[in-house]
Amino acid sequence: MINNSFWKTRAENYNKTSWVKDDHLLDAYLSLIPQNCVYENILEVGVGTGAVANKVVDMIGPLIGLDKSKEMMSKIEHDGITKVVGDAHNLPFDDSHFDFIYMRNVIHYLEDPSKVFDEISRCLKNESNYLFSQVIPFSDDISDEYDELIGRDIHYPTHSEITKLFSDYDILNEVEYVLEAQSIMNWLRNTCQDKQKQQKIMEQHRNTSDSYKKMVNYKEENDDIFVDIKHLFVLAEKHKY
Ligand SMILES: C[S@@+](CC[C@H](N)C(=O)[O-])C[C@H]1O[C@@H](n2cnc3c(N)ncnc32)[C@H](O)[C@@H]1O
């Protein structure tokens with residue numbers, strides 16, 4: 001279960017999780033930002049420790065980073081990022097204020113993703129861009145097995161569930177990006193303090209179906225498990241009403 005203390009604890013080690021600051025992943029995601037625009041007001045929803053924002057500021061300018069966890073945001077050091085503590089379900093900004101909004105790996109923690117998409121749409125100017133990213137199960141049909149494996153009592157939205165959330169937008173680009181050979185031990189050490197739970201999740205991975213193992217290029221090495229992880233990027237433009 002995810003509560004406020006989860007992020008308080010996780011803030012300390014968050015940046016050590018292998019995918020968080022992976023340059024290939026970040027560069028592939030941020031290469032979707034349209035370059036021929038002037039960005040005066042930029043927002044990251046769920047900015048966390050600023051792993052994405054640090055790069056975005058250097059690419060297109062200063063931004064506002066909103067997050068509900070002040071502990072996660074306490075790790076942000078870049079002067080170009082203005083921190084706002086707030087809830088994505090009720091964004092504390094005027095209608096049509098931003099000309100670029102982005103959000104990475106937040107949706108699986110949201111009580112009501114569709115409400116957050118409505119809020120993002122409300123705060124975005126017409127015909128402006130929303131850039132989304134999310135780790136997703138390798139295919140829609142293994143969704144239940146995937147949620148069980150992660151072991152957090154939360155649902156990881158599938159590719160098709162995510163696409164349905166974009167009703168206020170035209171989807172301009174969609175990319176499935178595979179981050180290869182990610183260490184499960186690295187992920188567990190930096191996200192879960194409970195050693196028994198770590199062992200349980202390792203065991204669950206060892207016991208996954210052969211079809212799952214094949215899909216994610218499952219490998220065991222030096223007491224660790226390595227799997228490919230899929231991320232979905234969506235670049236969308238808000239409809240003009
Ligand atoms: C996995 S981290 C992602 C951080 C950053 N976007 C990144 O990619 O490194 C998820 C973040 O979403 C934040 N978050 C979760 N639910 C939220 C909500 N309802 N409103 C605002 N932030 C939220 C958490 O506090 C956490 O910092």
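Counting starts at 1 for both ligands and their atoms, in listed order.
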| At their closest point, which heavy atom of Gly48 faces which heavy atom of Asp67, and how far apart are they? | N-OD2, 2.8 Å
May I ask you to identify, for [X], whether its side chain, its backbone, both or neither come under 4.0 Å of ligand 1 on a heavy-atom basis?
| X | answer |
| --- | --- |
| Glu44 | side chain |
| Leu110 | side chain |
| Lys68 | both |

So is [X] polar-close to ligand 1, meaning N/O to N/O under 3.5 Å?
| X | answer |
| --- | --- |
| Asp87 | yes |
| Tyr109 | no |
| Asn105 | no |

If you count the atoms of ligand 1 from 1 in the order shown, which ones are under 4.0 Å from a heavy atom of [X]?
| X | result |
| --- | --- |
| Val52 | 8 (O) |
| Met72 | 27 (O) |
| His89 | 19 (N) |
| Val106 | 12 (O) |
| Val47 | 5 (C) |

| said: Under 4.5 Å between side-chain heavy atoms, counting indirect links through other Ile/Leu/Val/Met/Phe/Trp/Tyr residues: same cluster for Phe138 and Phe226 or not? | reply: no
To the nearest 0.5 Å, tell me how far [X] [atom1] sits from [Y] [atom2].
| X | Y | atom1 | atom2 | result |
| --- | --- | --- | --- | --- |
| Phe98 | Asn129 | CZ | CG | 15.0 Å |
| Glu148 | Ile142 | CD | CD1 | 13.0 Å |
| Ile107 | Arg104 | CD1 | CZ | 15.0 Å |
| Arg206 | Lys213 | CZ | NZ | 9.5 Å |

| Quick one: do Lys125 and Asp99 make a salt bridge, cutoff under 4.0 Å? |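 Here Lys125 pairs with Asp99 in a salt bridge, since their nearest N and O are under 4.0 Å apart.
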| Do NZ/NE/NH1/NH2 and the carboxylate oxygens of Lys200 and Asp194 come within less than 4.0 Å? |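 Looking at Asp194 together with Lys200, the answer is no, because their closest N to O distance does not fall below 4.0 Å.
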| side chain to side chain contact (heavy atoms under 4.5 Å, CB included) partner of Tyr102, chosen from Leu235, Leu63, Leu43, Leu30 |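 So, applying the side chain to side chain contact (heavy atoms under 4.5 Å, CB included) to Tyr102 and each of Leu235, Leu63, Leu43, Leu30, only Leu63 qualifies.
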Using heavy-atom distances only, which candidate in [options] approaches [atom] most closely?
| atom | options | answer |
| --- | --- | --- |
| atom 20 (N) of ligand 1 | Ala53, Ala88, Gly50, Ser69 | Ala88 |
| atom 24 (C) of ligand 1 | Asn90, Asp67, Thr49 | Asp67 |
| atom 5 (C) of ligand 1 | Gly86, Gly65, Ala11, Gly46 | Gly46 |
| atom 2 (S) of ligand 1 | Trp19, Tyr14, Phe6 | Tyr14 |

| message | Tell me whether the rings of Trp19 and His231 are parallel (<30°), tilted (30 to 60°) or perpendicular (>60°). | response |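 Aromatic pair Trp19/His231 classed tilted.
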| How far is atom 8 (O) of ligand 1 from its nearest protein heavy atom, and which residue and atom is that? | Arg104 NE, 2.5 Å
